[in-house]
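Keep in mind the model is a prediction, meaning the values are calculated, not measured. The chains referred to below are lettered A, B, ... by the order of the sequence lines, with proteins before strands, and numbering in each begins at 1.
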Number of protein chains: 2
Amino acid sequence: MTANSREDILAAAKRVAQAHGYSGLNFRDLAEEVGIKAASIYYYFPSKADLAEAVARRYWEDTAAVLEGLLNESGDPIRALRRYPEIFRRALENDNRMCLHSFMSAEYDDLPEPVKKEVQTFADVNTSWLSKVLSAAKVVSPKQSQRRARAIFAAVAGAQLMARSRADIALYDALIDSYRVAGLLPT
Amino acid sequence: MTANSREDILAAAKRVAQAHGYSGLNFRDLAEEVGIKAASIYYYFPSKADLAEAVARRYWEDTAAVLEGLLNESGDPIRALRRYPEIFRRALENDNRMCLHSFMSAEYDDLPEPVKKEVQTFADVNTSWLSKVLSAAKVVSPKQSQRRARAIFAAVAGAQLMARSRADIALYDALIDSYRVAGLLPT
DNA sequence: ACCTGAACACCGTTCAAGT
DNA sequence: ACCTGAACACCGTTCAAGT
C-alpha cells in the first residue's frame, strides 16, 4: 500500500465529480475519504479550481488512453466504433455515475476558465478519435467524418444523461440500439 | 404591473435553475431578484425541495403547452417534428441556458424524490408527444415510435448540452443537421 | 514537505414580530 | 395575508501556523 495523497485526492475527486459535479465537490468529505483533513488538500491543490482542473485533465488523458486501447484491441475501426458506447456505459455501471464532461457542461456558467478548457479538450479527444475511426471504417466520407463524430458524441452523452435520470442502464442500451436502427451509429 | 410574488419566485427560480441547476438555487439571491427577503419565500414554499418541485412541474406544464401549440400551428405532424429542435434552441438563445430536465438529470443523486418525479414527467411529456407525432407522420412504424421518440429526445438534449459547453449555438444547429443527415431526424 | 486549528463566508431554515 | 430581522446549525473555503 503506497500512500500517495495527491493521487488519492485526484481519484476520489473524480468519483465525486462524476456523481455530484463541480459544485458538489467538497473538501471535507473528500478529505475524510482520503484520510486527511480538508485543509491538507490545499497543500496539493491551491484551490478548488486547481483541483477540478487537474481532475478534468486527468479525465481526458485517461479517456485518450482507453480510446487508443479500444482501437488497438479491436483490430479494425468498425469494431472499435461499435464498442465506443461501452465507455459511457461503464460510468452508469459505476453506481449510475456519468461522464465528467457532461456534468461540467451543464455547470458551464459556474466553471473556472481553466476547467472549461480541460472539459473542452475531453470533447476534442472524443470527436477526433471518432472522426479518425469513422473515416478509416469508411462509415462516412472523410469530409463528413468530423460532423458525424460530433453528432455521435453528443447523442451518446445524451443517452447516458437520460439513462442516469432514471437510473436505468437498460434504457441506455435501448437508446444506443435506436441510434443504430436510425443510422446514426453503424450496426 | 400586477405584483405576484409566488409567480415571480417561480419564474426567477426557473431561470436560475436552467443556468445553475438545483444545487445553484439559493434563496437569498432568488429573493433579491424578486425584491423580497429570503425568509419571505418560505411563506409560499415550505422548503427548497417544494420550490424545486413546483418549478419542475411548471416547467413540464409549460412545455406540454408549447408542444401542443407547435403541433397545432404547424398544421401537419412532419412539420411539427422538424420544428421540435427549436424548443431546445430557445434555451440556448436565452443566455446559453439549458433544459431543466437535462441539468437535473445530471444532479439526479442530489434531488429530492418529488423533484425527480417531476423531472421524469418532463421526459414523458416530450417522448409521448414525439411518439405520437412520429407515428402520425409515418416516419417510423407505430411499434417503433416510442423507441425512436426516446432516441430523438436524448440526442437533442445531448446536442444542447454540447453546444452549451462551448456557448455555441451554431454547433447546436450543426448537430441537429447531422442528426438529419444520419437519419435520426426527418429531413 | 506535509498537515491542521480556527476563523470566515454562506446557506437553508425557523420564528417571533411587524404591517 | 404578506413580509422581515435576527438568529441557528451547518458546511465549504481559506490561511497562518504547527511539526
Side-chain angles (χ1 to χ4, degrees), chain A residues 1-56 100 103-104 106-107 109-116, chain B residues 1-56 100 103-104 106-116 118:
Chain A
M1 206 60 179
T2 49
N4 185 336
S5 290
R6 202 191 127 89
E7 285 302 312
D8 290 352
I9 293 165
L10 233 32
K14 179 187 160 190
R15 259 179 282 122
V16 172
Q18 282 189 262
H20 307 283
Y22 177 77
S23 84
L25 200 55
N26 80 79
F27 279 36
R28 272 199 181 111
D29 291 348
L30 202 57
E32 194 173 3
E33 212 171 315
V34 176
I36 53 177
K37 296 291 168 184
S40 304
I41 298 176
Y42 288 85
Y43 174 73
Y44 300 97
F45 305 98
S47 71
K48 182 174 173 176
D50 287 283
L51 171 60
E53 184 186 352
V55 169
L100 189 63
F103 211 136
M104 289 191 164
E107 293 176 300
D109 286 354
D110 304 308
L111 249 35
E113 201 55 52
V115 181
K116 276 184 191 158
Chain B
M1 204 58 177
T2 49
N4 186 335
S5 288
R6 203 193 128 88
E7 286 301 313
D8 289 353
I9 293 164
L10 233 32
K14 179 187 160 188
R15 259 180 281 121
V16 172
Q18 282 189 264
H20 308 284
Y22 177 77
S23 85
L25 244 189
N26 81 78
F27 280 36
R28 282 194 173 88
D29 290 349
L30 202 57
E32 193 172 8
E33 213 173 313
V34 176
I36 55 177
K37 297 293 168 183
S40 304
I41 297 176
Y42 286 87
Y43 176 72
Y44 301 98
F45 304 99
S47 73
K48 181 175 173 174
D50 288 283
L51 171 60
E53 185 187 351
V55 169
L100 189 63
F103 211 137
M104 289 190 164
E107 292 176 300
Y108 180 82
D109 286 354
D110 304 309
L111 249 34
E113 202 54 52
V115 180
K116 276 184 189 158
E118 300 301 329

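Taking for each of Ala49(B) and Gly35(A) the nucleotide of DNA chain C with the nearest heavy atom, the 5'-most of the two is the partner of Gly35(A).
Using a 4.0 Å heavy-atom distance criterion, Tyr42(B) is classed as a base contact. Across all strands, Leu51(B) comes closer than 4.0 Å to no nucleic acid atom at all (heavy-atom distances).
Summarising the geometry, atom NZ belonging to Lys48(A) is positioned 12.5 Å from atom CG belonging to Asp50(A); distances are rounded to the nearest 0.5 Å. To the nearest 0.5 Å, atom OG of residue Ser5(A) and atom CD1 of residue Ile36(A) are 4.5 Å apart.
Between dC3(C) and Tyr44(A), a contact under 4.0 Å exists linking OP1 or OP2 to a side-chain N or O. The phosphate of dC3(C) has neither OP1 nor OP2 within less than 4.0 Å of any side-chain N or O from Tyr43(A). Phosphate proximity of dC3(D) to Lys37(B): absent, as no side-chain N or O sits under 4.0 Å from OP1 or OP2.
Side-chain proximity of Ser5(A) to the nucleotides dT4(D), dC3(C), dT13(C) is greatest for dC3(C). Picking from dC11(C), dT14(D), dT13(C) the nucleotide with the shortest atom distance to the side chain of Ala39(A) gives dT14(D). Of the candidate nucleotides dC11(C), dC3(C), dT4(D), dC3(C) has the atom nearest to the side chain of Ser40(A).
Nucleotide dA6(D) holds its P atom 21 Å from the CZ atom of Phe27(B), rounded to whole Å. At whole-Å resolution of the value, CG in Asp50(A) and P in dC15(D) are 12 Å apart. Protein atom NZ of Lys48(A) is 14 Å distant from nucleotide atom C1' of dT14(D), rounded to whole Å. Taking atom CD of Glu32(B) as the reference point, atom P of dC3(D) lies 16 Å away to the nearest angstrom. If you measure from atom CZ of Arg6(A) to atom P of dC2(C), you get 11 Å, rounded to the nearest angstrom. For Arg28(B) and dA6(D), the CZ to P distance is 13 Å, given to the nearest whole Å. Between Asp110(B) atom CG and dC11(C) atom C1' the separation is 15 Å, expressed in whole Å. In this structure, the CG atom of Asn26(B) is 14 Å from the C1' atom of dC11(D), given to the nearest Å.
By the neighbour-count criterion of 12 heavy atoms within 6.0 Å, atom CD of Glu32(B) is sparsely surrounded, having that number or fewer from other residues, nucleotides or ligands.
Across the strands present, dA7(C) finds its partner in dT13(D); the criterion is a Watson-Crick or G-U wobble pair with both atom distances under 3.5 angstrom. When both distances must be under 3.5 Å, the Watson-Crick or G-U wobble mate of dA1(C) is dT19(D).
Cation-pi check for Lys116(B) over Tyr108(B) is met; the charged atom lies under 6.0 angstrom from the ring centroid and within 45 degrees of its normal.
The residue from Phe45(B), Tyr42(B), Tyr43(B) that alone fulfils the ring-ring contact (aromatic ring centres under 6.0 Å, His included) condition with Phe27(B) is Tyr42(B).
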